[in-house]
Amino acid sequence: MSATRDPGWLDSGWGYRVTTSDELMRAVTRIGTSKPRHRYAWRGVPNSQYRVQSSLIRKMGIEGRKRFELPREDQVQRKEQLLLREARKWGLGLEVPRPTDFHMLAFMQHHGVPTRLLDVTSNPMTALWFACRPPTSGQSDTQGVLMAFDISEYTECGSYTYPDERASAEFVKGQTLHSALEESTERHTPFTLRPTFRDSRMQAQEGFFISGAVPEQATSTIRGIDGIPFPAVTPPGDALDKFFEPSPQKGIPDIAFVALVIPIPVKRSMREHLEGTFNRSWRVLFPDVEGFRDAEAAGVLTATTPDQRPHKMSFPGHK
């Protein structure tokens, strides 16, 4: 996540600042139920100044430069193909026969290798947990942001296509990375990627990915989003104020994207609710051994002594 070039969600017309936990929950419900058959992907970050960037776009945009510069799609593809080739030479992806590029990217993204994939979830409470989590040691708390992306019209890809037994060694169905990027360029829209093989962490977080071809012009997308071709539609602006009122006025704005800015007091009040009522906690969302390792290293585990009741220690941010 990059804190450079503040996305200015509230000034751009894409953002709305909530003032209470009740207003935040009302806004989430309004978005999710605003229009029939619309589907939303959710993403939460603890600092509202972070822009929306995939890890590969962020890395390539600052390598060897004093300021961020959006890389071109051909540059991203060259870097991506190099990573894929080296990952296969390393022996990654052998858990499935003939692993696709999508499978390799999802696997690498899951284990912290920079890719063009952007992590999102279908569960707004999971995204809200990430938006409201406390700062890491030595950092100050900041207002967070919960983002909703309307993905109803985007092509959905799978990370693995089972081979047709009648078609020699080639898999014959499903979208490939190459074809998905070609379509993304032609339609100027992202695509979603839902991993076929989902480990315990991916299942717990109900996670998947958004990606797409880097747009030719940095301005041809939603302000504050870098390297993903979201259509440059008119932001809802003041219509959000009316939409999120306790008694909404008639007319539902087109919400292709919205960023709910969450002040520090609201973040703090939501943390207990998220763990107690919605079962969103470090242990639930990171149930694997790596999650246990990171929680132990950060002092999150419940600590006990012979004459002391269990108590919770400081809660870390997710790296």
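- Taking the six-membered ring where the residue is Trp, the centroids of Tyr154 and Phe191 are separated by 6.0 Å or more.
- Residues satisfying the side chain to side chain donor-acceptor pair (under 3.5 Å) criterion with Asn279, sequence neighbours excluded, are absent altogether.
- Listed by first and then second residue, the salt bridge (Lys or Arg N to Asp or Glu O under 4.0 Å) pairs involving residues 102-124 are Glu73-Arg116, Glu80-Arg116 (not counting sequence neighbours).
- Asp11 is linked by a side chain to side chain donor-acceptor pair (under 3.5 Å) to nothing, counting only residues two or more places apart in sequence or in another chain.
- At a threshold of 4.0 Å, the pair Asp241-Arg17 does not count as salt-bridged, since none of the basic side-chain nitrogens sits closer than that to a carboxylate oxygen.
- In this structure, Asp6 does not pair ionically with Arg51, as no charged nitrogen and carboxylate oxygen lie closer than 4.0 Å.
- Salt bridge present: Lys89 and Glu86 bring a charged side-chain N and a carboxylate O closer than 4.0 Å.
- Connection of Val233 to Met147 is established within a shared hydrophobic cluster, with ILVMFWY side chains joined at heavy-atom distances below 4.5 Å, either directly or through further cluster members.
- Using a cutoff of 4.0 Å between basic side-chain nitrogens and carboxylate oxygens, Asp288 and Arg293 are not scored as salt-bridged.
- A salt bridge is absent between Arg201 and Asp199; no separation between the charged side-chain nitrogens and carboxylate oxygens falls under 4.0 Å.
- Counted by atom type alone, Arg280 and Thr126 present one or more donor-acceptor pairs between their side chains at under 3.5 Å.
- Here Asp150 does not pair with Arg39 in a salt bridge; the nearest charged N to carboxylate O distance is not below 4.0 Å.
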